[in-house]
Amino acid sequence: MDSVADAAPGAPPPETCRNCGAHTSGHYCSNCGQETRVALPTFAAFMREAAGRYIALDGRLWRTLATLVARPGMLTREYLNGRRRRYIRPARLFLVLYLLLFAVIGLLKSPTDLSNDVVVVDSDKAKEEIAKAGEESRKGQDAKAAKGTDAKTGTPAIAVAQTDDGDTLFGLDKDLNLKMQLDGKDLTLPPQLQRRWDHFKKLPREEKSEQIYSGMLRFGPYAMVALLPAFALLLKLAYLGRGKHYPGRPQRYAEHLVYSAHLHAFAAVMILALLLAPFGAVRAAIAAWIVFYAVRARQVVYRGRWWAGLLRALVIAICYLVLLSLAMLGLLAVAVMLR
């Protein structure tokens, strides 16, 4: 009676949740989940709670990372089997690691690296190389025809995005201007984007490099977020049917999405390791582990015959590389157009 009388006027009794009013016992409300102890936190508890919302400083972070890196496919199997409380959720893990990755790239790399290492395209040189390759191809055909054999026309391999005649290009020239040509003519842009494009072309090369670099770092995480569900869709299409022959194989799109998030998170950790690795031998070991991990993780999660899995993985990898190339081109265009 005295304890109730001493309580603040209008305050609920101790066994009532102050958030939803439900009767509760223990440290957390069974109805809404709020803690029953509502005393103000200390500074250490305050900072631990704030950081824990993002990186789970209660031990789950290290447990999750260790399982992710050292046990291929196990994190996905644990999640699909319902053992989730001990690990960081896939979406949060994916977002945190890619934000960290792009932050580290921003610290270790500079716009000068982009300016020096960028692969440029030269439309005139490309046309010359294509014409030369075409001439050699015709000579080869004539030689084969003289011998009475048929010859098929080969397509010359030129390391730029272009058609056989060299008139369609997409890339950067030596002045870091974005080349967007179709049939020898520049693509027509909407007036607002054209003004941005004209402004970009007038910038000095150093400022262009800075804008492309900062833009790609800024929008890079968005590109990865877009690629995540696309990769899951490729998995869904590759593993349509035959689920009854392999119990436990992911069938629903959400299950493929979980595996996609974990695989991309592993890729982020490995890219970080490659960036920070001091020696070539260490990088070679990391590359070998990446190859083994990709094969083993697929087998652990999807099971089935290993050769069938490798064929599916090859098809998925080719399709994903196409999507990744398109994402990089889009990212480059956005970095140039938006500031």
Side-chain angles (χ1 to χ4, degrees), residues 94-127 129 157-163 166-228 230-231 264 267-277 283 320-339:
F94 170 85
L95 290 174
V96 169
L97 287 178
Y98 273 94
L99 289 175
L100 177 62
L101 172 62
F102 282 96
V104 171
I105 292 175
L107 291 175
L108 298 182
K109 301 295 182 178
S110 68
T112 305
D113 299 327
L114 173 66
S115 180
N116 293 334
D117 298 338
V118 67
V119 177
V120 301
V121 298
D122 188 333
S123 58
D124 295 332
K125 183 177 179 181
K127 291 181 180 180
E129 292 180 354
I158 304 297
V160 292
Q162 60 192 14
T163 58
D167 284 333
T168 302
L169 293 166
F170 193 105
L172 294 174
D173 63 15
K174 61 183 179 180
D175 295 320
L176 294 185
N177 289 322
L178 187 64
K179 301 284 290 185
M180 295 186 297
Q181 294 183 348
L182 182 63
D183 294 332
K185 298 180 181 179
D186 292 335
L187 292 178
T188 303
L189 300 174
Q192 185 176 5
L193 292 180
Q194 187 64 48
R195 288 193 296 269
R196 292 175 178 268
W197 172 234
D198 293 336
H199 174 73
F200 178 81
K201 290 194 294 185
K202 296 176 183 178
L203 296 176
R205 194 174 192 276
E206 291 75 14
E207 292 189 25
K208 292 177 183 176
S209 177
E210 175 68 31
Q211 181 171 334
I212 294 174
Y213 180 77
S214 60
M216 295 187 76
L217 286 181
R218 177 183 177 186
F219 297 106
Y222 296 99
M224 295 309 304
V225 170
L227 287 171
L228 179 65
F231 186 77
H264 280 79
V269 175
M270 292 299 99
I271 295 173
L272 283 170
L274 289 172
L275 288 173
L276 300 175
R283 297 190 185 96
Y320 186 73
L321 285 176
V322 174
L323 294 177
L324 184 61
S325 300
L326 294 176
M328 293 299 296
L329 293 177
L331 186 60
L332 181 60
V334 169
V336 169
M337 297 297 181
L338 301 181
R339 188 171 184 175

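Residues take their numbers from the sequence shown, with the count starting at 1. Quick caveat: nothing in here was measured; it's all calculated off a predicted structure.
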inquiry  = Do Val225 and Phe94 have side chains that approach each other closer than 4.5 Å (heavy atoms only, starting at C-beta)?
reply    = yes
ask   = From Met224 CE over to Leu95 CG, what is the distance, rounded to the nearest 0.5 angstrom?
value = 11.0 Å
note = Shortest non-hydrogen pair, Gly220 vs Leu331, comes out as N-CD1, 3.8 Å
query = Counting distance only, does the side-chain N/O of Tyr98 pair as donor-acceptor with the main-chain N or O of His264 below 3.5 Å?
reply = yes
ask   = Roughly how far, to the nearest 0.5 Å, is the CD atom of Gln211 from the CD atom of Glu206?
value = 13.5 Å
message = Under the criterion side chain to side chain contact (heavy atoms under 4.5 Å, CB included), I'd like the reasoning laid out for Phe102 against Met216: C-alpha separation, chi angles, the key distance, then a yes or no.
response = CA-CA 9 Å; Phe102 282 96; Met216 295 187 76; over 6 Å; no
ask   = What's the shortest heavy-atom distance between Gly106 and Leu217, and which atoms?
value = CA-CD1, 3.6 Å
inquiry  = For a 4.5 angstrom cut-off between non-hydrogen side-chain atoms, does Ile271 reach Val104?
reply    = no
inquiry  = side chain to side chain contact (heavy atoms under 4.5 Å, CB included) for Val269 and Leu101? Distances and angles first, verdict last.
reply    = CA-CA 8 Å; Val269 175; Leu101 172 62; over 6 Å; no
query = When rounded to the nearest 0.5 angstrom, what distance separates CG in Leu108 from CG in Leu275?
reply = 6.0 Å
